[in-house]
Amino acid sequence: MSSSVSPFTALALAEQQLSTLDAALLRRRLKQTQSPCDVEVKVAGRLLKAFCSNDYLGFANHPQLIAAMAEGAAQYGVGSGASHLISGHSLAHDLLEAELARTQQKHIDDARALFFCTGYLANITAITALAGLGLHATNHNTGISIYSAQLNHASLIDGVKLAAAQTKAAVYLFDHTNLAHLKEMLRADSSAHKLIVTDGVFSMDGDLAPVADLLTIAEAHDALLIVDDAHGFGVLGKYGHGILEYFQIQSNRIVYIGTLGKAAGVSGAFVCAHKTLMECLIQKGRPYIYSTATPPAIAHTVLASLHLIEGEEGQARRAHLDQLIAIWHQELQLEHWQISSSMTPIQPLVLGSNAVALLASKRLDEAGYWIPAIRPPTVPEGSARLRITFSANHSIEAVRELIFELQKIEASVHTYSETKTV
Ligand SMILES: Cc1ncc(COP(=O)(O)O)c(C=O)c1O
C-alpha cells in the first residue's frame, strides 16, 4: 500500500483478498491487445498465434461487418440514448429481432426474439423474469423450483441465484451427463412452476447438452427448458442456427438464448421463446427494462453477420472448422494429458493443478501462442486447463503446428510436474 494513502478497512480487505488469490495462483491479469481479434494478435508488442477467442467463424474482423458497422453508425448514430421501453428501441433492433426469431421459428412455435447488450444480461433477465412467473401460480401447488446444470456458465449460475433470492425458488443442481438424478428430483417435486436451465454447448468443455432428453423430461414434468447456446449459435446446424437446428428439436416450452459476440463476431445476445413468454420478459425483465439499449449500429452489424452465418460463407466456414476439429482428433497424440472428445471448436486439455496449467500456458507463450490457463472458479477445483479454441480463420497448417508444439510442451511440463510439488 502506498504510504500516501491513509489505510481504511476496504483497502486492507482488498489487499488481503489479492494476496490470497496470489497464494493460490488464482490472480488473473489483463493483457492488452493492439490489433483486431483474429488468429494472429499483437499483444504487448508481440504477434501471437491466438487459439483462445470465441470468434469461431472468424467474423470479428470481417470487412463486410466492419463496413456494416460504419453504415449502421452513419444511419443510426452511435448511441441509443435510452432503454428500450423509453426511447432507445429503433428500427435496427426490430429488424434484427425479426430475423433472430426467424432462425428459431422451426423449433419454437410463435417465436419472438429480443436483443440484449450481452449474454450475461440476457441470462439474468430470462431466468429472473421466467422464474417470477411462478409467483402468480393459482393452482393448489405452490413454490418454484430451478434445476441448473452443474457446469453451467457463471451468468446462468448468477441468474439462478438472483431468481432464487427474488422468488424464494428452490435450486437443485444436476449432472448433464447423467439425467437419472434430475428425473428423480423432479419426480419428488410438487412445486407449481419449474425451470430447467442448461448451457447448450458447455463453455469450458465443448460438449453438448442432451437437449432432446432434457426436453422429454421438461415435458413430463411441465417445466420450462432454458438453453443458453452461447457457443452453439453460428456454429451448430447447417445454417448455424444452433443446437435446436442441430438436434432438429421443436417445442414451445424451450427458451433459447444465443450470444452474438462469439461466432457472430459482434456483440450482444438474444432470447427467443413463444411470444407470450417474451412479452413477459419485456414487462418484467428488470435488466432489460432498466439498461440503455445497445447502439442500433451494433444491431445493424449483427444483422449483417446473421446473413453471413446462414449463407454460403458461413456454411463454408463451418465445414472448415469441422475439418480442423477432425485433424485435431486424428493427429494430436499426448502421453499424459487427456484429449477431450468434444466435437465443437472448444477443445480443452484438462491439466489439473493451477501451477501446471499456468506453466503450460507460459511455455506456449514462449513459443508464440496465446492460450491462457483457465482456473477455478471458471472451472471446478483441480481441473485447471488450457481451453484451446479454433476459428475458421485458422489454417490446417496452423493447427498442425500447434499440435507439434503441444506435444513438445507436454513432455517438458509433465517432467516439471513429476519433479515438483505443484
Ligand atoms: C455459456 C455462456 N453464456 C453466456 C455468456 C455471456 O455472454 P456475453 O459474453 O455476451 O455476456 C458466455 C460468455 O462467455 C458463455 O460462455
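Between the side chain of Thr259 and the main chain of Ala230, a donor-acceptor pair closer than 3.5 Å is present. Within the 3.5 Å criterion, the main-chain N or O of Ala50 finds a donor-acceptor partner in the side chain of His394. Judged purely by atom type and a 3.5 angstrom limit, Ser383 has no side-chain atom pairing as donor or acceptor with the backbone of Val379. The closest donor-acceptor contact from the side chain of Arg385 to the backbone of Met204 lies under 3.5 Å. Here the side chain of His231 pairs no donor or acceptor atom with the backbone of Asp199 at under 3.5 angstrom. No donor-acceptor distance shorter than 3.5 angstrom exists from the side chain of Gln338 to the backbone of Leu349, with no hydrogens or angles considered. Of the possible polar contacts, one joining the Ser305 side chain to the Ala264 backbone as a donor-acceptor pair under 3.5 Å is found. Remark: the backbone N or O of Ala273 is not paired with any side-chain donor or acceptor of Gln104 at under 3.5 angstrom. With His414 contributing its side chain and Ala411 its backbone, the two residues share no donor-acceptor pair below 3.5 Å. Under the 3.5 Å distance criterion, the side-chain polar atoms of Gln315 are matched with a main-chain donor or acceptor of Glu310.
Counted by atom type alone, Asp189 and Tyr172 present zero donor-acceptor pairs between their side chains at under 3.5 Å. Side-chain atoms of Ser342 and Asp207 form no donor-acceptor pair, as typed in the model, at a separation below 3.5 Å. In the model, Glu279 has a side-chain atom that pairs as donor or acceptor with a side-chain atom of Gln283 under 3.5 Å. For Ser145 and Ser191, the side-chain atoms include at least one donor-acceptor pair closer than 3.5 Å. Side-chain contact check for Tyr256 and Asp228: no donor-acceptor pair (N or O, by modelled atom type) lies under 3.5 Å.
Nearest heavy atom pair, residue Leu173 against residue Met185, reads O-CE, 3.4 Å. Smallest separation of non-hydrogen atoms from Val235 and Pro345: CG1-CD, 3.7 Å. Between Val160 and Ser148, the shortest heavy-atom contact is CG2-OG, 4.0 Å. Of all heavy-atom pairs spanning Glu410 and Glu335, the tightest one is OE2-N, 2.9 Å. Contact detail for Ala209 and Ile243: the closest heavy-atom pair is O-CD1, 4.2 Å. For the residue pair Cys52 and Ile371, the shortest heavy atom distance occurs at CB-CA, 4.4 Å.
Heavy atoms from other residues, nucleotides or ligands lying under 6.0 Å from CD of Gln248 number more than 12. Residue-environment remark: OH (Tyr369) exceeds the threshold of 12 foreign heavy atoms within 6.0 Å. Environment of CD in Glu331: crowded, with over 12 heavy atoms of neighbouring residues, nucleotides or ligands closer than 6.0 Å. For Tyr239, the OH atom is loosely surrounded, since the number of other residues' heavy atoms within 6.0 Å does not exceed 12.
Salt-bridge check for Glu405 with Lys49: failed, with every basic side-chain N at 4.0 Å or more from each acidic carboxylate O. The existence of a salt bridge linking Lys238 and Glu245 is excluded, since no basic side-chain nitrogen approaches an acidic carboxylate oxygen closer than 4.0 Å. With salt bridges taken as basic N to acidic carboxylate O contacts below 4.0 Å, one links Arg29 and Asp22.
Interatomic distance, Leu95 CG to Leu306 CG, rounded to the nearest 0.5 Å: 12.0 Å. Distance CG/Leu260 to OG1/Thr301: 11.0 Å, rounded to 0.5 Å. For the atom pair OG1 (Thr118) and CD1 (Ile124), the distance works out to 8.5 Å, reported to the nearest 0.5 Å. Atom CD of Gln407 sits about 9.5 Å away from atom CG of Leu402, to the nearest 0.5 Å. Summarising the geometry, atom CD belonging to Gln330 is positioned 9.0 Å from atom CD1 belonging to Ile403; distances are rounded to the nearest 0.5 Å. In this structure, the separation between OG1 on Thr378 and NE2 on His153 is 8.0 Å, given to the nearest 0.5 Å.
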Gln250/Asp109 under side-chain hydrogen bond (donor to acceptor under 3.5 Å, both in side chains): CA gap, chis, key distance, verdict:
CA-CA 8 Å; Gln250 196 280 332; Asp109 293 332; 2.7 Å; yes
Start with the C-alpha gap between Asp55 and Lys262, add the side-chain angles, then the distance that decides, and say whether side chain to side chain contact (heavy atoms under 4.5 Å, CB included) holds.
CA-CA 5 Å; Asp55 180 26; Lys262 297 179 174 34; over 6 Å; no
Intermediate values then yes/no, side chain to side chain contact (heavy atoms under 4.5 Å, CB included), Ile325 and Gln347:
CA-CA 8 Å; Ile325 296 163; Gln347 294 293 333; 3.8 Å; yes
Could you walk me through whether Thr177 and Asp175 pass the side-chain hydrogen bond (donor to acceptor under 3.5 Å, both in side chains) test, one step at a time?
CA-CA 5 Å; Thr177 63; Asp175 173 357; 2.6 Å; yes
Please evaluate residues Arg187 and Glu184 with respect to the criterion salt bridge (Lys or Arg N to Asp or Glu O under 4.0 Å), reporting the C-alpha separation (whole Å), side-chain torsions for both, the decisive distance (0.1 Å), and the verdict.
CA-CA 5 Å; Arg187 262 197 296 272; Glu184 203 179 301; 5.5 Å; no
Before giving the answer on side chain to side chain contact (heavy atoms under 4.5 Å, CB included), spell out for Trp370 and Asp365 the whole-Å C-alpha distance, their side-chain angles and the decisive distance to 0.1 Å.
CA-CA 6 Å; Trp370 191 8; Asp365 175 86; 5.9 Å; no
Chi angles and distances behind the side chain to side chain contact (heavy atoms under 4.5 Å, CB included) call for Phe116, Leu281:
CA-CA 11 Å; Phe116 286 79; Leu281 243 67; 4.3 Å; yes
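Side-chain contact check for Ile346 versus Tyr56: some heavy-atom pair is nearer than 4.5 Å. Phe115 places none of its side-chain heavy atoms less than 4.5 Å from the side chain of His89. In this structure, the side chains of Val255 and Val227 stay at 4.5 Å or more apart for every pair of heavy atoms. For the pair Ile298/Ser267, a side-chain contact is recorded, criterion being any heavy-atom separation below 4.5 Å from C-beta on. Residues Ile388 and Pro348 form no side-chain contact, since every pair of their non-hydrogen atoms from C-beta on lies 4.5 Å or further apart. Residues Leu308 and His62 meet the side-chain proximity criterion, which asks for heavy atoms closer than 4.5 Å. Proximity of Leu358 to Arg375: side-chain heavy atoms (C-beta onward) are separated by under 4.5 Å at one or more points. Within the 4.5 Å cutoff, side-chain heavy atoms of Leu406 are placed close to those of Leu386.
Ring planes of Trp328 and Phe390: perpendicular class, angle over 60° (limits at 30 and 60°).
Residues satisfying the ring-ring contact (aromatic ring centres under 6.0 Å, His included) criterion with His274, sequence neighbours excluded, are absent altogether. Applying the ring-ring contact (aromatic ring centres under 6.0 Å, His included) test to Tyr76 and every residue at least two apart in sequence or in another chain returns His300.
No close placement of the His241 and Phe233 rings is indicated, their centers lying 6.0 Å or farther apart.
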